[in-house]
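This one's a predicted model, so the numbers in the text were calculated from it and none came from an experiment.
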Protein chains: 2
Amino acid sequence: MQKIKILLAEDDENLGMLLREYLIVKSYDADWFINGEKAYKSFIKTHYDLCILDVMMPVKDGYTLAKEIRLTNAEIPIIFLTAKSLKEDIIEGFKAGADDYICKPFSMEELLFRVEAVIRRTRKDAAGIQQSEYKIGDYVFSPNTQLLRYGNTEHKLTTKESDLLKLLCANKNMILDRNFALKTIWVDDNYFNARSMDVYIAKLRKYLKEDPRVQIINVHGKGFKLIES
Amino acid sequence: MQKIKILLAEDDENLGMLLREYLIVKSYDADWFINGEKAYKSFIKTHYDLCILDVMMPVKDGYTLAKEIRLTNAEIPIIFLTAKSLKEDIIEGFKAGADDYICKPFSMEELLFRVEAVIRRTRKDAAGIQQSEYKIGDYVFSPNTQLLRYGNTEHKLTTKESDLLKLLCANKNMILDRNFALKTIWVDDNYFNARSMDVYIAKLRKYLKEDPRVQIINVHGKGFKLIES
DNA sequence: GTGAGCTTTTAACAATCTTTAACAGTTCTT
DNA sequence: AAGAACTGTTAAAGATTGTTAAAAGCTCAC
């Protein structure tokens, strides 16, 4: 089995080396670069599976680097390390195509957890484990065609409806984190988008009301859970 | 049951005692040992959930101890305390199987933060095995659907109600430690959350009052016990 | 370009969930 | 026995979510 190759861009020498060693010990294949410029040079001639980029770096900062990376590769997961927990920074990061971000100071645990989460996610997406059809009680949902079938009646979903239902299905019987859903579907997780999401939840509930065993329940302050009992 | 048991190995008497007291105040069950040798002796005959090891100790240093511990238990999380921020040391630590490290001097908050990060992860890993239905006297409780049935009447519980009842059920006829419940459900175990929990206990008692054989009794200063007689 | 028909967001209000406050009762400590 | 700490219970305040409808955006044929 191939080791997962990680590009690490971090200007703090201690932290950089430390992270590199930690990732290697955890059996990843990690390359560490001291600034965005050097990282980018390596990126364009090497295959990486994941990028961990510090936001504040001399020569070329993390956001700029991320944008350049995205021009070449729209798929590769990017995790930002940011010293400030300022909301603006984080939003900026997501616009640059981040999959996750970690605020310093962080624990190795936390980093590892997020790395693994990101990898699980992309694995699923890539490996085609991504379902072309979900069975939800008596319903059948096809994300590709955005069709929801119940018996012989078919209902065409809108893009947002379909995206949200797909996320719920992918996390069936588990909590779909509100912010995660917002970040993946709406990109920006502000108040209005959150309300918009609530509206879509209400719509989906209406569509799914024929089968009482199917329910979308709210987990207060956390998110929603699609359950099939 | 419930209290998380921590093995603490630290040769500095002041720091060791301080850490032990602090962890206990934060309602962990902490054993402190003055060197690696003594710590190991206790480790092999006691169940611990987490190890915090100082790197520099007489008789047996932290790395050696960690390696020995790993021979017995590959899973238990290990956090190193290291005086030097020398990279070599930390790298050595990771190789010995560390899950995280903390450089001295560190704040108690920092330690706690990392301890809790580690615990959260292992807790998630362990949470796999769980019942889908509990019978409580004449009641039937389904944590997944958050439904509490009594005869043919069904009551939908809120998330917090359900989470708490689930913990009580998982520890039926045993004491559910107050702080354990708080940390599991409320994450932070402060005064207000404790009062909040009391409110929920009152609610659950109300829901369960139809069957007099079912009772939630308080164990003063310890927690609550769901009994079925 | 423009308007019909659709999708999505915003607004508004109702309902629900959780926390906080307040006070009464209990158990422990000294 | 009296004070301190802990628990029981109810109600309020605060926050989140449910739901519907109107407003704003978008698309595409004309």
Side-chain angles (χ1 to χ4, degrees), chain A residues 143 145-148 154-168 175-209 214-227, chain B residues 25 27 143 145-148 154-168 175-209 214-227:
Chain A
T145 54
Q146 305 190 358
L147 287 173
L148 182 64
E154 230 174 32
H155 181 43
K156 178 95 166 74
L157 301 180
T158 72
T159 310
K160 283 259 147 72
E161 287 167 356
S162 177
D163 287 352
L164 184 54
L165 184 54
K166 186 171 155 190
L167 268 191
L168 284 165
I175 296 175
L176 170 63
D177 182 83
R178 223 198 159 84
N179 286 78
F180 175 75
L182 283 170
K183 281 189 284 201
T184 42
I185 300 179
W186 276 266
V187 182
D188 192 2
D189 63 339
N190 58 35
Y191 168 80
F192 290 112
N193 286 338
R195 298 309 282 120
S196 192
M197 176 168 154
D198 288 332
V199 172
Y200 278 96
I201 289 287
K203 289 181 180 182
L204 290 180
R205 281 187 178 132
K206 233 179 233 169
Y207 302 152
L208 294 171
K209 71 166 183 282
V214 175
Q215 269 183 301
I216 298 174
I217 64 176
N218 170 254
V219 180
H220 197 96
K222 294 239 164 53
F224 295 93
K225 199 157 75 165
L226 174 68
I227 56 167
Chain B
V25 165
S27 71
T145 52
Q146 306 187 357
L147 288 173
L148 182 63
E154 233 175 28
H155 182 40
K156 178 103 167 58
L157 301 181
T158 73
T159 309
K160 283 258 146 75
E161 289 165 356
S162 176
D163 287 352
L164 183 54
L165 184 54
K166 186 169 153 190
L167 268 192
L168 284 164
I175 297 175
L176 170 64
D177 182 84
R178 220 196 161 85
N179 290 88
F180 177 82
L182 281 170
K183 275 194 281 223
T184 309
I185 300 178
W186 277 266
V187 182
D188 191 7
D189 61 340
N190 57 35
Y191 169 80
F192 290 114
N193 286 338
R195 298 309 284 123
S196 193
M197 176 168 155
D198 289 331
V199 172
Y200 278 96
I201 289 287
K203 288 181 180 182
L204 290 181
R205 281 185 177 135
K206 232 179 233 172
Y207 302 151
L208 294 171
K209 71 168 184 280
V214 175
Q215 269 183 303
I216 298 174
I217 63 171
N218 172 255
V219 181
H220 195 94
K222 294 249 166 32
F224 295 92
K225 194 153 78 164
L226 174 67
I227 55 169

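- The side chain of Asn218(A) approaches dG18(D) more closely than any other nucleotide in the set dT9(C), dT9(D), dG18(D).
- Between Lys203(B) and dG8(D) there is no side-chain polar atom (N or O) within less than 4.0 angstrom of OP1 or OP2.
- For dT19(C), the OP1/OP2 oxygens have a side-chain nitrogen or oxygen of Trp186(B) closer than 4.0 Å.
- Between Arg178(A) and dT17(D) there is a side-chain polar atom (N or O) within less than 4.0 angstrom of OP1 or OP2.
- Residue Arg195(B) places no side-chain N or O under 4.0 Å from the OP1 or OP2 atom of dT19(C).
- Taking each heavy atom of Ala194(B) and Arg178(B) in turn, the nearest pair found is O-NH2, 3.3 Å.
- Summarising the geometry, the separation between CG on Leu182(B) and C1' on dC6(D) is reported as 13 Å, rounded to the nearest angstrom.
- Closest approach to the Ile201(B) side chain among dG8(D), dG18(D), dT18(C) is made by dG8(D) (side chain taken as heavy atoms from C-beta onward).
- With DNA chain D read from its 5' end, the first of the two nearest nucleotides for Ile217(A) and Arg205(B) is the one closest to Arg205(B).
- We find that CG of Asp198(A) is positioned 13 Å from C1' of dA15(D), with the value rounded to whole Å.
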* Are Ile185(B) and Asn193(B) close enough, and set up right, to give a side-chain contact (heavy atoms from CB on, under 4.5 Å), and what steps lead you there? -> CA-CA 10 Å; Ile185(B) 300 178; Asn193(B) 286 338; over 6 Å; no

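- Looking at Ser196(B) and Lys160(B), their side chains never bring a donor and an acceptor atom within 3.5 Å of each other.
- Between Lys206(A) and dT19(D) there is no side-chain N or O to OP1 or OP2 distance below 4.0 Å.
- Counting heavy atoms from C-beta on, the side chains of Ile217(A) and Gln146(B) come closer than 4.5 Å.
- Straight-line distance from the CZ atom of Phe192(B) to the C1' atom of dA21(C): 9 Å, rounded to whole Å.
- Annotation for Lys156(B): atom NZ counts as buried by contact number, over 12 foreign heavy atoms lying within 6.0 Å.
- If you measure from atom CE of Met197(A) to atom P of dT19(D), you get 14 Å, rounded to the nearest angstrom.
- As rounded to whole Å, 8 Å separates atom P of dT29(C) from atom NE2 of His220(B).
- The side chain of Thr158(A) approaches dT8(C) more closely than any other nucleotide in the set dT8(C), dT7(D), dA21(C).
- When rounded to the nearest whole Å, the span between CD of Gln146(A) and C1' of dT8(C) equals 14 Å.
- Using a 4.0 Å cut-off, some side-chain N or O of Ser196(B) falls inside it from OP1 or OP2 of dT19(C).
- Residues Asp198(A) and Arg195(A) are paired through a salt bridge, judged by an N-O separation under 4.0 Å between the basic side chain and the carboxylate.
- Protein atom OH of Tyr191(B) is 9 Å distant from nucleotide atom P of dA21(C), rounded to whole Å.
- At the heavy-atom level, Phe224(B) lies under 4.0 Å from the strands shown only through sugar-phosphate atoms.
- Taking only side-chain nitrogens and oxygens, Thr159(A) never comes nearer than 4.0 Å to OP1 or OP2 of dT7(C).
- Here dA21(D) is the nucleotide among dT20(C), dA21(D), dG8(D) with the atom lying nearest to any side-chain atom of Val199(A).
- Distance, Leu164(B) CG to dC17(C) C1': 15 Å, rounded to whole Å.
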